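The next block holds one structure in the form of structure tokens; read it before the comments.
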Amino acid sequence: MPSTRDYEVQLRAAQLRVTRPRLAVLDGVREHPHADTETIFDAVRTHLPGVSRQTVYDVLHVLTDVGLVRRIEPSGSVARYELRVGDNHHHVVCRACGVIADVDGAVGEAPCLTVSDDGGFVVEEAEVIYWGLCPDCSKPHTSRKKPR
């Protein structure tokens with residue numbers, strides 16, 4: 001689990017100043033992987049009660065731009081954030097409750113970056129999202145007998 005010291009080193013390596021909001025946002029994203037902005041804002045407010053919503057949005061934007069935080073946006077969902085960056089992992093999303101989990105990608109090269117026809121694009125990243133039902137939502141519901 002990253003410590004405040006780890007975050008300070010990461011921020012400095014990205015040529016960013018170490019600020020309380022940045023540390024609190026990194027901690028909030030760690031505490032709530034795949035969380036939306038509102039959840040992260042609520043987590044940050046527990047440590048910095050006076051922080052504004054705009055500050056949290058700005059910090060998330062900066063941290064995403066420098067690659068310390070990854071933003072994902074599954075179809076039909078608001079943006080979500082995670083600290084797991086720079087590896088070949090994907091996500092699985094529950095169609096019923098919306099929970100999101102990490103799914104490790106193929107080991108070695110990222111095979112999904114090789115497309116049959118790139119249309120002239122320089123492909124930098126591919127995102128794979130699997131959809132299904134989480135363990136809780138896929139459990140069969142027990143039928144209850146109606147009281148007489």
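Just so it is clear, the structure is predicted and the values come from calculations on it, not from any experiment. Along the sequence shown, residues carry numbers from 1.
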Looking at [atom1] of [X] and [atom2] of [Y], how far apart are the two atoms once the value is rounded to the nearest 0.5 Å?
{"X": "Glu73", "Y": "Ser75", "atom1": "CD", "atom2": "OG", "value": "9.5 Å"}
{"X": "Asp136", "Y": "Cys94", "atom1": "CG", "atom2": "SG", "value": "8.5 Å"}
{"X": "Gln54", "Y": "His61", "atom1": "CD", "atom2": "NE2", "value": "10.5 Å"}
{"X": "Asp58", "Y": "Ser52", "atom1": "CG", "atom2": "OG", "value": "7.5 Å"}

(message) As a quick check of understanding, evaluate side-chain contact (heavy atoms from CB on, under 4.5 Å) for Tyr81 and Thr37, giving each step before the final call.
(response) CA-CA 8 Å; Tyr81 298 89; Thr37 309; 3.5 Å; yes
Which atom of [X] lies closest to which atom of [Y], heavy atoms considered:
{"X": "Leu68", "Y": "Ala14", "result": "CD1-CB, 4.3 Å"}
{"X": "Ala43", "Y": "Gly28", "result": "CB-CA, 4.1 Å"}
{"X": "Pro74", "Y": "Ile100", "result": "CG-CD1, 3.9 Å"}
{"X": "Ser138", "Y": "Leu133", "result": "CB-CB, 3.9 Å"}
{"X": "Pro21", "Y": "Thr55", "result": "CB-CG2, 3.9 Å"}

(request) State which residues pass salt bridge (charged side-chain N to carboxylate O under 4.0 Å, His left out) with Asp117; sequence neighbours excluded, sorted by chain then number. (result)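 By the salt bridge (charged side-chain N to carboxylate O under 4.0 Å, His left out) rule, Asp117 matches no residue at all.
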(message) Tell me whether Arg70 contacts the main-chain N or O of Thr64 through its side chain, where contact means a donor paired with an acceptor under 3.5 Å.
(response)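 No, because the side chain of Arg70 does not come within donor-acceptor range (under 3.5 Å) of the backbone of Thr64.
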(message) Could you check whether any side-chain N or O of Thr39 sits under 3.5 Å from a backbone N or O of Ala35, counting only pairs where one atom can act as donor and the other as acceptor?
(response)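 No; zero donor-acceptor contacts below 3.5 Å.
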(message) Can you confirm if the aromatic rings of His91 and His89 lie within a centre distance of less than 6.0 Å?
(response)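 Yes, the ring centres sit under 6.0 Å apart.
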(message) Applying salt bridge (charged side-chain N to carboxylate O under 4.0 Å, His left out) to Asp27 and Arg30, what does each step give before you reach the verdict?
(response) CA-CA 5 Å; Asp27 202 43; Arg30 181 193 53 78; 2.8 Å; yes
With hydrophobic residues grouped by side-chain heavy-atom distances under 4.5 Å, do [X] and [Y] end up in a single group?
{"X": "Phe41", "Y": "Leu26", "value": "yes"}
{"X": "Val59", "Y": "Tyr7", "value": "yes"}
{"X": "Leu48", "Y": "Val18", "value": "yes"}
{"X": "Ile72", "Y": "Trp131", "value": "yes"}

(request) Scan side-chain atoms only and decide if Asp102 and His34 contain a donor-acceptor pair under the 3.5 Å cut-off. (result)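 His34 and Asp102 do have a side-chain donor-acceptor pair below 3.5 Å.
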(request) In sequence, state the C-alpha distance, the side-chain angles, and the governing distance for Val69 and Leu83, and then conclude on side-chain contact (heavy atoms from CB on, under 4.5 Å). (result) CA-CA 5 Å; Val69 169; Leu83 292 181; 3.9 Å; yes
(request) Go through Leu63 and Leu16 one step at a time and tell me if the side-chain contact (heavy atoms from CB on, under 4.5 Å) criterion holds. (result) CA-CA 9 Å; Leu63 296 177; Leu16 295 174; 4.2 Å; yes
(request) With Leu11 as reference, evaluate Val66, Leu23, Asp6, Val62 under the side-chain contact (heavy atoms from CB on, under 4.5 Å) test and give the passing residue. (result)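 It is Leu23; the other options fail the test.
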(request) Share the residues that join Val9 in a hydrophobic cluster, the rule being Ile, Leu, Val, Met, Phe, Trp or Tyr side chains under 4.5 Å apart at the heavy-atom level. (result)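 Traced through the cluster, Val9 reaches no other member.
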(message) Tell me every residue that passes side chain to side chain contact (heavy atoms under 4.5 Å, CB included) with Tyr130, counting only those two or more places apart in sequence or in another chain.
(response)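 Partners of Tyr130 under the side chain to side chain contact (heavy atoms under 4.5 Å, CB included) test: His90, Val92, Val103, Val128.
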(request) Output, in order, the C-alpha distance, side-chain angles, deciding distance and verdict of side-chain contact (heavy atoms from CB on, under 4.5 Å) for Leu60 and Val29. (result) CA-CA 9 Å; Leu60 283 168; Val29 174; 4.1 Å; yes
(message) Counting only heavy atoms not in Arg84 (residues, nucleotides, ligands), do more than 12 fall under 6.0 Å from its CZ?
(response)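 Counting other residues, nucleotides and ligands, CZ of Arg84 exceeds 12 neighbours.
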(message) Would Glu82 and Arg80 count as a salt bridge (charged side-chain N to carboxylate O under 4.0 Å, His left out) here? Give the steps.
(response) CA-CA 7 Å; Glu82 65 180 345; Arg80 307 295 181 111; over 6 Å; no
